[in-house]
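See structure below.
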Amino acid sequence: MASNVSVALGEVTRPTKGFNIVLWILQILAAATFFLAGGSKLSGVAPMVEMFDKIGLGQWFRYLTGSLEVTGAILLLIPTTVVLGGALLVVTLVGAIATHLFVLGGSPAPAIVLFVMVGTVTWYRWLASISEKNGRGNQ
């Protein structure tokens, strides 16, 4: 007996052309944002160095975070790795939101907006990949 989830996932079809364009726009915007944010962390821009001093884990954490962001941005732009890149960035954003709420203070709104963008793209690209694996991608 099939569960409701497996039946629901089995009925997934590819996004419409218009929705696919919207997903690509979100992917490109998110990737550009993470290239800029990760690049500023990796290059040692003064506000980033200060922010990671406030976090208190050391500058190695700035390099790690910047590397994860740049890597996730690259993966987000490659159709076969978009789900992996999106998952990596979603986890990174959960950490960013928690850090703003519990350590740094200030508004976590930018991280929340990015979380919604990347989470949406990741979810729909994952569903599309499931339908393709089930042979339903061309229906």
Side-chain angles (χ1 to χ4, degrees):
M1 178 175 205
S3 71
N4 289 339
V5 174
S6 65
V7 170
L9 290 177
E11 297 299 320
V12 173
T13 59
R14 298 185 78 182
T16 63
K17 185 176 182 180
F19 190 62
N20 193 38
I21 291 170
V22 170
L23 289 175
W24 269 108
I25 291 169
L26 290 176
Q27 281 175 248
I28 292 167
L29 288 174
T33 302
F34 281 106
F35 273 124
L36 291 172
S40 67
K41 288 174 181 75
L42 292 174
S43 65
V45 175
M48 291 296 158
V49 173
E50 292 170 16
M51 182 175 65
F52 280 84
D53 276 340
K54 273 179 127 177
I55 292 171
L57 292 175
Q59 293 302 309
W60 68 270
F61 191 60
R62 175 175 56 90
Y63 288 113
L64 174 66
T65 305
S67 299
L68 291 174
E69 289 176 349
V70 170
T71 301
I74 292 167
L75 294 173
L76 204 58
L77 294 174
I78 302 169
T80 56
T81 62
V82 66
V83 174
L84 177 63
L88 176 67
L89 292 174
V90 162
V91 170
T92 303
L93 285 165
V94 168
I97 292 166
T99 300
H100 278 284
L101 289 174
F102 302 116
V103 179
L104 294 174
S107 175
I112 292 170
V113 169
L114 281 169
F115 176 85
V116 170
M117 283 175 58
V118 174
T120 300
V121 167
T122 304
W123 177 254
Y124 283 104
R125 296 299 189 202
W126 177 67
L127 290 178
S129 72
I130 288 173
S131 70
E132 287 174 12
K133 288 178 185 170
N134 288 337
R136 301 184 199 289
N138 297 326
Q139 292 181 354

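Index from 1, following the sequence. Treat the numbers as computed from the prediction; the structure is a model and nothing was measured.
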Heavy-atom pair with the smallest gap, counting every atom of Gly106 and Pro108: O-CD, 3.4 Å

Apart from Leu36 itself, residues in the same hydrophobic cluster as defined by side-chain heavy atoms under 4.5 Å: none

Tell me, which pairs form a ring pair (Phe, Tyr, Trp, His ring centres under 6.0 Å) where one or both residues lie in residues 45-91, sequence neighbours left out? Phe52-Phe61

Show every salt bridge (Lys or Arg N to Asp or Glu O under 4.0 Å) that has at least one partner inside residues 67-79, sequence neighbours left out. Lys41-Glu69

Per side chain to side chain contact (heavy atoms under 4.5 Å, CB included), Phe115 is matched among Val94, Thr92, Leu89 by Val94

Val83 to Thr122 - nearest heavy-atom pair and separation: O-CG2, 3.8 Å

Group every Ile, Leu, Val, Met, Phe, Trp and Tyr by side-chain heavy-atom contacts under 4.5 Å, then state whether Leu93 and Val113 land in the same group. yes

Begin from the C-alpha positions of Val103 and Lys54 and carry the test side-chain contact (heavy atoms from CB on, under 4.5 Å) through to its verdict. CA-CA 8 Å; Val103 179; Lys54 273 179 127 177; 6.0 Å; no

Check whether Leu23 and Ile78 end up in the same hydrophobic cluster, where Ile, Leu, Val, Met, Phe, Trp and Tyr are linked by side-chain heavy atoms less than 4.5 Å apart. no

Flag side-chain contact, heavy atom, 4.5 Å: Phe35 against Ile74: yes

Would you kindly confirm whether Val82 and Met117 end up in one hydrophobic cluster when ILVMFWY residues are joined by side chain heavy atoms under 4.5 Å apart? yes

How long is the gap from CG on Leu75 to CD on Gln27, to the nearest 0.5 Å? 11.5 Å

For the atom pair CZ (Phe102) and CD1 (Ile97), what is the distance rounded to the nearest 0.5 Å? 10.5 Å

Given 3.5 Å as the limit, does a donor-acceptor pair link the side chain of Thr65 with the main chain of Arg62, or not? no

Mind checking whether Val90 and Leu77 sit in one hydrophobic cluster, side chains of I, L, V, M, F, W, Y counted as touching below 4.5 Å? no

Could you tell me which non-hydrogen atom of Ala96 sits nearest to which non-hydrogen atom of Ala111, and how far apart they are? CB-CB, 4.3 Å

Taken to the nearest 0.5 Å, the spacing of Thr33 OG1 from Ile28 CD1 works out to 11.5 Å

Between the CG atom in Leu76 and the CG atom in Leu26, the distance rounded to the nearest 0.5 Å is 9.5 Å

Is the closest side-chain heavy-atom distance between Arg125 and Asn20 below 4.5 Å? yes

Joint cluster assignment, Val118 & Trp24, ILVMFWY side-chain distance < 4.5 Å: no

